[in-house]
Amino acid sequence: MRISVGIDIAKDIHWVTAIDSDGTIHIDRKVENTPTAIADLIDGLRALGGTVSIGLDVIGGIAGLIEAMLAEAGFGLVHVPGLAVNRARQGTVGGENKSDPRDAHTIADQVRMRTDLRAIEPTSEIDLEIRLLVGRRRDLVDAQTQRLGRMHDLLAAIFPGLERSLDLTTKGPMHLLTRYVTPAELRAAGAKQILRHLKTGGGIPHPENSCRTRTRRRGRTSHQRARRAHECAPHPRTDRRSARNQSPSLGDRP
């Protein structure tokens, strides 16, 4: 007898449905995401006899424990993507009403009827490490993008001309903003003092050589824009302080 199992994955409680080749339901219950509950499920699946194929709608993450224990028990695992589950469920009576038991039954039906589902291979230690590193990298990039967006918004509210002229993905402009943000601050400093400040930030490797022109140009450009700017915005102290506080963290690129 061939048994097809569908598991609707959740953080705390999974729902499991097991059907045979005729669609008769043999198991239809919730399973807590704990080793004890999953071990009881494995015993129940073995008691059914026959060949057991199990479909999961989520891989890794919250499904990591049950995925690892089922694979270790020797069951064949396949991935039934959530989009395929939703489309298949909508084709049934009442399928517009989503529920965990309904989704688990739909996954089991997909396992029973389809032969093109992708098998879930056992995850090695190196795969887990790469997955963690990629996830960490993605989090850092997302956080950096959010900080850049906030910085652009703050600077555009204080000094739109300077915001348009600076590349906030490089270290030099970010070091500039740790001290000079408003047109008044840039005018009072002057081009030479701005240049000295840029050189002390470490954002320009060798200011005495190839980057000297770029450094001077950035200092002159910032000062010239400040001279042309009008103090028509109030520039609240909170905005200036927020812009300066954001600058050091944005200099550390992921």
Side-chain angles (χ1 to χ4, degrees), residues 9-11 56-64 67 79 81-86 118 123 125-186 189 194-195 197-207 210-211 213-226 228-229 231-254:
I9 300 295
K11 180 180 179 181
L56 308 177
D57 62 340
V58 175
I59 301 176
I62 59 176
E67 179 184 335
H79 182 213
L83 180 61
V85 176
N86 291 335
R118 182 169 63 88
T123 304
E125 185 175 352
I126 187 64
D127 291 333
L128 291 175
E129 291 180 359
I130 292 174
R131 188 181 298 173
L132 288 173
L133 289 174
V134 170
R136 175 60 176 163
R137 171 72 178 178
R138 187 184 303 112
D139 292 341
L140 290 174
V141 171
D142 291 343
Q144 181 78 342
T145 301
Q146 292 173 358
R147 288 196 296 268
L148 278 173
R150 287 195 297 268
M151 191 65 191
H152 276 290
D153 290 341
L154 286 169
L155 194 56
I158 297 171
F159 195 169
L162 187 62
E163 186 271 336
R164 289 192 296 269
S165 66
L166 295 183
D167 180 7
L168 299 184
T169 62
T170 57
K171 194 171 183 178
M174 300 313 302
H175 184 65
L176 171 70
L177 296 176
T178 59
R179 180 175 295 180
Y180 306 111
V181 178
T182 68
E185 292 170 344
L186 288 164
I194 294 172
L195 176 61
H197 175 66
L198 285 171
K199 288 182 178 179
T200 62
I204 302 169
H206 303 288
S210 60
C211 292
T213 302
R214 187 189 311 169
T215 307
R216 289 177 175 173
R217 184 169 61 249
R218 185 177 291 132
R220 288 197 303 267
T221 300
S222 301
H223 186 250
Q224 290 168 359
R225 288 185 178 274
R228 292 195 300 266
E231 291 286 354
C232 57
H235 309 316
R237 184 179 302 175
T238 303
D239 287 349
R240 298 198 301 269
R241 186 167 58 247
S242 297
R244 291 192 183 98
N245 291 340
Q246 287 284 332
S247 300
S249 63
L250 283 169
D252 300 328
R253 302 182 65 182

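All of these numbers come straight from a predicted model, not from anything done at the bench.
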Requested in this report: Just jot down the side chain to side chain donor-acceptor pair (under 3.5 Å) partners of D139, sequence neighbours excluded, or say none.
Outcome: none
Query raised in the report: What residues form a side-chain contact (heavy atoms from CB on, under 4.5 Å) with P81, not counting sequence neighbours?
Result: H79, A84
Requested in this report: Flag the pair T178 / H197 as yes when at least one side-chain heavy-atom distance between them is below 4.5 Å, and no otherwise.
Outcome: yes
Query raised in the report: Do I59 and R118 touch side chain to side chain, with heavy atoms closer than 4.5 Å?
Result: yes
Requested in this report: Check A10 against I62 and note the closest heavy-atom contact, atom names and distance.
Outcome: C-CD1, 3.8 Å
Query raised in the report: For the atom pair CD (Q144) and OG1 (T169), what is the distance rounded to the nearest 0.5 Å?
Result: 9.0 Å
Requested in this report: Would you give the length of the straight line joining atom CG of L168 to atom CZ of R147, rounded to the nearest 0.5 angstrom?
Outcome: 12.5 Å
Query raised in the report: Going from CG on L140 to OG1 on T145, what distance comes out if it is rounded to the nearest 0.5 angstrom?
Result: 10.5 Å
Query - I130: partners by side-chain contact (heavy atoms from CB on, under 4.5 Å), with sequence neighbours left out - result: I126, V134
Query raised in the report: To the nearest 0.5 Å, what is the distance between CG (D153) and CG (L148)?
Result: 11.0 Å
Query - Donor-acceptor contact below 3.5 Å, side chain E67 vs main chain G60 - result: yes
